[in-house]
Amino acid sequence: MDIFKKCFNWNLADKIKKKGLYPYFREIQENEGPVVTIEGKERIMAGSNNYLGLTAHPKVREAAIAAVNKYGTGCSGSRYLTGTLDLHVELEARLAEFLGFESVLLYSTGYQTALGIIPTIAQRGDYIVSDKENHACIMNGAMIAKGALTNFVRYKHNDMEDLERVLAGLPEKAGKFIVSDGVFSVTGEIVNLPELLKIAKKFGVRVMIDDAHSLGVIGEGGRGTASHFGLTEETDMVMGTFSKTLSSLGGYVAGPERVINYLKHHSSALIFSASPTPSSCAATLAALQILKDEPERVGKLLANTKYLRKGLMALGFNIIQNETAIVPVIIGDLEKAFLVWRKLFDYGVFVNAFIPPAVPPNMSMMRVSMMASLTEDHLNKIIDVFGKVGKEVGML
Ligand SMILES: Cc1ncc(COP(=O)(O)O)c(C=O)c1O
């Protein structure tokens with residue numbers, strides 16, 4: 001049997017393309033902050049995770065350019081060997097201080113961070129205990145661990161009673177590791193961390209929170225989920241990414257110094273992969289400094305989100321409620337979702353179409369994400385366009 005047969009036979013994307021409704025891999029020709037140029041036309045970006053709009057900030061751009069001039073374009077080696085720059089060490093120290101954890105270790109992406117931590121911490125015979133709606137990197141990290149005979153169990157989404165039920169059914173002596181998104185990437189909901197930590201403590205289990213969508217969005221000055229609940233000291237470990245608020249590329253894990261030291265010497269995804277580029281580190285450092293110096297940007301982001309949510313709800317759209325920067329607008333039917341996406345795009349608003357299996361069947365959505373740099377004019381235009389499209393497709 002030709003193992004490529006499934007590739008030659010799979011044609012769903014071609015069918016959607018033929019109808020002119022394909023939303024993915026659209027080329028952005030210019031990216032000037034909240035407005036991007038796609039297919040020669042300006043469109044408001046309402047789908048980026050560039051939450052504070054810092055990819056366009058002059059200090060961030062200049063820092064990246066200066067790093068290229070000083071260190072070159074890449075590290076050509078892993079952190080373990082020839083790929084550790086003073087920039088990596090400085091960023092780790094500054095992040096640890098900002099987040100309030102003993103130590104931080106960088107990875108080359110957020111995705112890789114989860115793949116690096118989970119199979120290294122959870123080993124043969126241990127249990128990874130995961131929320132059912134965790135990000136794919138956590139699921140895949142757990143799958144790698146499973147290959148090494150680790151057990152993978154899941155509890156109902158953000159359901160702490162179910163977490164307790166699952167833990168109560170596991171062998172008392174086995175090692176267990178609870179992993180949850182801090183802000184869930186599809187629905188934008190915040191994990192019930194106080195209850196999760198209470199249960200973890202009762203069963204003597206360690207916890208890691210993925211703060212990819214929390215850093216720069218919730219918590220004091222954007223310090224993330226644990227800070228949001230005032231529970232930084234009680235949270236064992238946090239991971240995250242530089243590809244969202246910190247406007248660059250890379251990932252991090254923050255935790256106790258001895259645990260970070262163990263990861264440094266045992267984590268394959270770290271040891272066998274090149275370290276983040278100089279420009280990525282320098283841009284992240286500059287963005288982190290802006291976040292520290294100008295925490296009001298976080299307030300602006302949340303005010304923008306509130307404004308948009310209110311406007312879309314007033315029109316009659318069905319929106320999943322949360323207190324973060326993600327506005328999930330439920331469309332339902334898959335074909336209708338593609339049509340809504342295309343019409344929004346044609347009217348000059350770029351959002352993300354989320355379809356099964358990323359969401360349950362008949363729960364296709366426009367996942368709108370906000371940026372602090374969007375102005376009231378941009379927001380009003382997004383709301384107007386949604387209203388127009390909602391009427392055209394018979395939703396409103
Ligand atoms: C919850 C969550 N974790 C991890 C990642 C991966 O981050 P990165 O883009 O740095 O690979 C993402 C990105 O989409 C995410 O949403």
Side-chain angles (χ1 to χ4, degrees), residues 24-25 45 47-52 54-55 88 91-92 95 99 104-119 128 130-144 154 157-158 178-191 193 196 207-219 222 224-226 228 235 237-254 267 269-270 273-277 279-281 283-284 287-288 320 322 324-328 351-355 357-359 365 367-371:
Y24 309 116
F25 297 96
M45 174 50 83
S48 172
N49 298 313
N50 179 17
Y51 287 125
L52 300 184
L54 297 180
T55 59
H88 296 114
L91 179 52
E92 286 170 344
L95 258 178
L99 297 173
V104 160
L105 179 63
L106 307 187
Y107 282 81
S108 298
T109 68
Y111 193 97
Q112 202 172 319
T113 306
L115 301 193
I117 300 165
I118 296 171
I128 299 154
S130 164
D131 187 292
K132 276 196 171 163
E133 289 190 12
N134 274 343
H135 189 261
C137 64
I138 294 172
M139 303 297 183
N140 289 334
M143 288 301 162
I144 294 175
R154 299 196 297 166
H157 172 52
N158 217 3
I178 301 173
V179 187
S180 175
D181 284 8
V183 168
F184 290 91
S185 55
V186 177
T187 61
E189 298 155 288
I190 303 174
V191 64
L193 189 64
L196 187 149
V207 171
M208 179 172 79
I209 299 298
D210 181 347
D211 257 357
H213 294 276
S214 320
L215 184 70
V217 179
I218 58 172
T225 311
H228 174 77
T235 305
M237 220 178 199
V238 168
M239 62 157 278
T241 175
F242 303 144
S243 68
K244 305 187 194 301
T245 288
L246 295 181
S247 62
S248 176
L249 188 65
Y252 66 90
V253 52
S267 177
L270 178 92
S273 184
S275 57
T277 64
S279 57
S280 301
C281 289
T284 306
L288 181 63
I320 297 177
N322 61 51
T324 63
I326 296 169
V327 183
V351 299
N352 293 309
F354 272 35
I355 59 166
V359 295
M365 63 168 74
R367 180 179 171 281
V368 183
S369 18
M370 283 288 90
M371 289 189 285

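In listed order, ligands and their atoms are each counted from 1. Heads up: numbering here begins at 1 and tracks the sequence. All values reported here derive from a predicted model rather than from experimental measurement.
Each of Leu105, Leu91, Leu99 was compared with Tyr252 under the side chain to side chain contact (heavy atoms under 4.5 Å, CB included) criterion, and only Leu99 meets it. Exactly one of Asn322, Val186, Asn352 qualifies for a side chain to side chain contact (heavy atoms under 4.5 Å, CB included) with Pro328. That residue is Asn322.
Annotation: Gly110 places an N or O atom under 3.5 Å from an N or O atom of ligand 1; distance criterion only.
Residues Ile209 and Val207 meet the side-chain proximity criterion, which asks for heavy atoms closer than 4.5 Å.
Close approach of ligand 1 to His213 (heavy-atom distance below 4.0 Å) involves ligand atoms 1 (C), 15 (C), 16 (O). Taking a cut-off of under 4.0 Å to the non-hydrogen atoms of Ser243, the atoms of ligand 1 that pass are 8 (P), 9 (O), 10 (O). Each of the atoms 16 (O) of ligand 1 lies under 4.0 Å from some heavy atom of Ser185. Remark: ligand 1 atoms within the under-4.0 Å shell around heavy atoms of Cys137 are 3 (N), 4 (C).
Taking 4.0 Å as the cut-off, Gly251 does not count as a neighbour of ligand 1 on heavy-atom distance.
Here the heavy atom of the protein found nearest to atom 14 (O) of ligand 1 is Lys244 NZ, 2.9 Å. At the shortest separation from atom 3 (N) of ligand 1 among protein heavy atoms lies Asp210 OD2, 2.6 Å. If you check which protein heavy atom lies closest to atom 5 (C) of ligand 1, you get His135 CE1, 3.6 Å. Residue, atom and distance of the protein heavy atom nearest to atom 6 (C) of ligand 1 are Tyr111 N, 3.4 Å.
In this structure, the side chain of Arg367 does not engage the main chain of Thr187 through any donor-acceptor pair within 3.5 Å.
Here Phe184 and His213 keep their ring centres 6.0 angstrom or further from each other.
Side-chain atoms of His157 and Asp131 form a donor-acceptor pair, as typed in the model, at a separation below 3.5 Å. With hydrogens and angles left out, the side-chain atoms of Ser275 and Tyr107 include no donor and acceptor closer than 3.5 Å.
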